[in-house]
Amino acid sequence: MYLALYRKWRPKTFSDVVSQNHITSTLKNEIQNNKISHCYLFTGPRGTGKTTCAKILAKAINCLHPIDGEPCCKCEICEGLEDLSILDVTEMDGASNNSVNDVRLLRDEANFTPVSCKYRVYIIDEVHMLSISAFNALLKIMEEPPKHVVFILATTEVHKIPETILSRCQRFDFKRIKTTDIKDRLVYITSNEPFNITEKAAYQITKLSDGAMRDAISMLDQCASTTNNITIETVNDLFGILDNSYILDLHDSIKSNDASKGIIAIDKLYKNSKDMQRLCYELIKFYRGAMLSTAIDNNSNIISNSNEDAQNMSNAAKDLTLPKIIEILEILQNCSEKLSNSSNKRLMLELCIIKLCSKDISRPIVSKTKLDKNKTQKQQVKSSETNSTTNNENSNENLDELETKPKNIPNLNPLKSWNDILDDIRDKDSTGMLSGFLAGSIAYLVQDKLYISSKNPIVGDKILQKKEFIKNVIKERTGNDYRIFIKKVVDYNPVQNKLDNFLSIAKKAGIEVEEE
């Protein structure tokens, strides 16, 4: 019968366990000094060696000829535990044996001395799945265990274990395995198996494993079932990974505000049966790398990427400002959360790409500095219009000032909680359509009236249908029942129209504004 690679290459000694030296060295010292605890708790992410270390520890404390705290793997005890012919070490699955009766049977059996070994060892995997009654039953024997009993508890969710249990265990926290250690292990396994793997393919599997050695070896096993020469194309095709060219195409569309290019790229991927949620995840990972490339000089220990990926992320960081990259990540993260519950994932991602490709995805920022006169305001409009054709960043700085309330319009106030209201609308709007139409909108108060102005040409028609919905969300957030007026800007100029908003709203409020 074929033996899976992750079982065939499971470490037999502590020295074979990678990236967990802080744990293996402590366990070896305890065995050497004969300071064995009656209960251990191994916690950490999946596939990081918890069950493996539990089995090695069970062998080491019962080994007839231990070597520096390691099992010899040659004596009859080690061989018997390896082939399961010795039953003094019991491995119990807490997920399927989680009732109080299961723990009572374990407790009754633990009172008997071991047949062949020095210690009777109970390895309880996924211990957090035990019921409250089962934990209470286990607590009794953990308080006063027989001298010949050792418990090893393993879990991925330590927060679900009662404090009374935790306080009686020696706790060891397993870390995610380093990228280089996983890659080296895959190469080592391949060198001893009848198939080959390229460096890029091993690195791609490493990235997909997310720090879990078992997952990486299982994926290697799956690739080896496909071909004896594993390349990066093999890995990408088998696990639906996107080629870097698609990610770069989508980045170019976002950088150049070309929504059509982004939609075409998504269409190609959809027709090739690529997972839309995976695409969103890859984009998040790409822009996370770009963000960290900008924020941190030496980020190789934080970002696990090949040289080619790191260069692409670094180039993306040069194309965009850090605030825009952060805004892109927020939009993508929001889209990722909605994709898991959406019946039309393609539509959700298309809406996200259109929003990312809009010319100004940033939320409006209201500057605290006030303009002295309308004349100064209009001069900045002219300056901003000139600079906007050559430098988008300069125009954004002027936009901040133009959103300031002028001194000669005392009743005109931007609604400070508008960004929070947009977040509420985004959370309550299951389709995402309304929040998309309101992206980049601005709201101003004139007495008890709320004026909503948006750059989206079709926003007026769509929002009017949802007017009561918006009104209720605003009332929940502010406690005020405002009268809502929708202002639709068809020919949107990011500078001039903000000034026009002031003049139009002031006119409706009956406030005279001096114009040159």
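Side chains are part of it too, since the values below use all heavy atoms of this structure and drop only hydrogens, waters and symmetry mates.
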Say you draw a straight line from CG of L332 to CG of L356; how long is it, rounded to the nearest 0.5 Å? 5.0 Å
Any residue meeting salt bridge (charged side-chain N to carboxylate O under 4.0 Å, His left out) with D16, in chain and number order, not counting sequence neighbours: none
Would you list the pairs meeting salt bridge (charged side-chain N to carboxylate O under 4.0 Å, His left out) in which at least one residue belongs to residues 47-56, sequence neighbours left out? K55-E91
Kindly indicate, with the supporting measurements, whether the criterion side chain to side chain contact (heavy atoms under 4.5 Å, CB included) is fulfilled by K345 and M348. CA-CA 5 Å; K345 291 180 170 54; M348 290 302 301; 5.6 Å; no
Heavy-atom closest pair, residues I232 and A201: N-CB, 3.6 Å
For the pair T52 (side chain) and G49 (backbone), establish whether a donor and an acceptor sit closer than 3.5 Å, ignoring hydrogens and angles. no
What pairs with E337 under salt bridge (charged side-chain N to carboxylate O under 4.0 Å, His left out), at least two apart in sequence or on another chain? none
When rounded to the nearest 0.5 Å, the distance separating OG1 of T198 from OH of Y203 is 13.5 Å
Could you check whether D258 and S260, counting side-chain N and O atoms only, form a donor-acceptor pair closer than 3.5 Å? yes
Evaluate the side-chain proximity of I189 to L220: yes if any heavy-atom separation is below 4.5 Å, no if none is. yes
Once the angle between the rings of Y188 and W9 is folded into 0 to 90°, is it parallel (under 30°), tilted (30 to 60°) or perpendicular (over 60°)? perpendicular
Rounded to the nearest 0.5 Å, what separates atom CG in L349 from atom CG in L269? 9.0 Å
If you look only at distance, which donor and acceptor atoms sit under 3.5 Å apart when one is on a side chain in residues 211-219 and the other is two or more places apart or in another chain?
{"unit_1": "D215", "atom_1": "OD2", "unit_2": "R46", "atom_2": "NE", "d": "2.7"}
{"unit_1": "D215", "atom_1": "OD2", "unit_2": "R46", "atom_2": "NH2", "d": "2.9"}
{"unit_1": "S218", "atom_1": "OG", "unit_2": "R214", "atom_2": "O", "d": "2.9"}

Apply salt bridge (charged side-chain N to carboxylate O under 4.0 Å, His left out) to D93 and list each qualifying residue two or more places apart in sequence or on a separate chain. none
Does the pair I326 and E330 meet the rule for a side chain to side chain contact (heavy atoms under 4.5 Å, CB included), with working shown? CA-CA 6 Å; I326 293 173; E330 289 177 349; 4.0 Å; yes
With heavy-atom distances below 4.5 Å as the criterion, would you say the side chains of L279 and I247 are in contact? yes
For K178, does the NZ atom have more than 12 heavy-atom neighbours from other residues, nucleotides or ligands under 6.0 Å away? no
Give every residue pair that meets the salt bridge (charged side-chain N to carboxylate O under 4.0 Å, His left out) criterion with at least one member in residues 181-193, sequence neighbours excluded. K8-E193, K183-E199
For I325 versus Y287, what's the shortest heavy-atom pair and its separation? CG2-O, 3.6 Å
OH (Y6) with more than 12 external heavy atoms under 6.0 Å: no
Taking all atoms of both residues into account, what is the closest heavy-atom pair of H128 and T156, and its distance? CE1-OG1, 3.8 Å
Which atoms form the tightest heavy-atom contact between S209 and I182, and what is the distance? OG-CD1, 3.7 Å
Donor on one side chain, acceptor on other, D319 and H251, under 3.5 Å: yes
Is a side-chain N or O of T227 found less than 3.5 angstrom from the main chain of C223, in a donor-acceptor match? no
Among V158, D125, L41, the one residue meeting side chain to side chain contact (heavy atoms under 4.5 Å, CB included) with L153: L41
Flag for T231-T234: side-chain donor and acceptor within less than 3.5 Å: yes
Carboxylate-amine/guanidinium proximity below 4.0 Å for D173 and K175: no
Taking the side chain as everything from C-beta on, heavy atoms only, tell me whether I197 gets closer than 4.5 Å to N229. no
Taking everything shown except Y270 itself, do over 12 heavy atoms lie less than 6.0 Å from its OH? no
With rounding to the nearest 0.5 angstrom, report the OG1 to CG distance, T190 to L5. 8.5 Å
What distance separates S96 OG from N98 CG, expressed to the nearest 0.5 Å? 7.5 Å
Taking the side chain as every heavy atom from C-beta outward, state whether D275 and Y281 have any atom pair closer than 4.5 Å. no
Just wondering, more than 12 heavy atoms not from K471 lying within 6.0 Å of its NZ? yes
Which heavy-atom pair separates I353 from G262 by the least distance, and what is that distance? CG2-CA, 4.0 Å
Close side-chain approach of K207 to T179, heavy-atom, < 4.5 Å: no
Could you tell me whether the side chain of S25 and the main chain of N21 form a donor-acceptor pair under 3.5 Å? yes
Begin from the C-alpha positions of H22 and F172 and carry the test ring-ring contact (aromatic ring centres under 6.0 Å, His included) through to its verdict. CA-CA 9 Å; H22 63 294; F172 293 88; 8.4 Å; no
For a side chain to side chain contact (heavy atoms under 4.5 Å, CB included) check, start with the C-alpha distance between F174 and C53, then their side-chain angles and the critical distance, and finish with the verdict. CA-CA 10 Å; F174 285 70; C53 284; 3.7 Å; yes
Salt bridge present between E327 and K324 (N-O < 4.0 angstrom): no
Side-chain touch Q222/L238, heavy atoms, less than 4.5 angstrom: yes
Considering all heavy atoms, the nearest L339-C280 contact: CD1-CB, 3.7 Å
Heavy atoms, side chains only, cut-off 4.5 Å: are E350 and D267 in contact? no
Determine whether I421 and I470 satisfy the following criterion, side chain to side chain contact (heavy atoms under 4.5 Å, CB included), listing intermediate values before the conclusion. CA-CA 9 Å; I421 291 171; I470 299 172; 5.7 Å; no
Would you compute the distance between atom CZ of F42 and atom CZ of R171 and round it to the nearest 0.5 angstrom? 13.0 Å
Using the side chain to side chain contact (heavy atoms under 4.5 Å, CB included) rule, pick out the option among I331, L283, I284 that qualifies with S336. I284
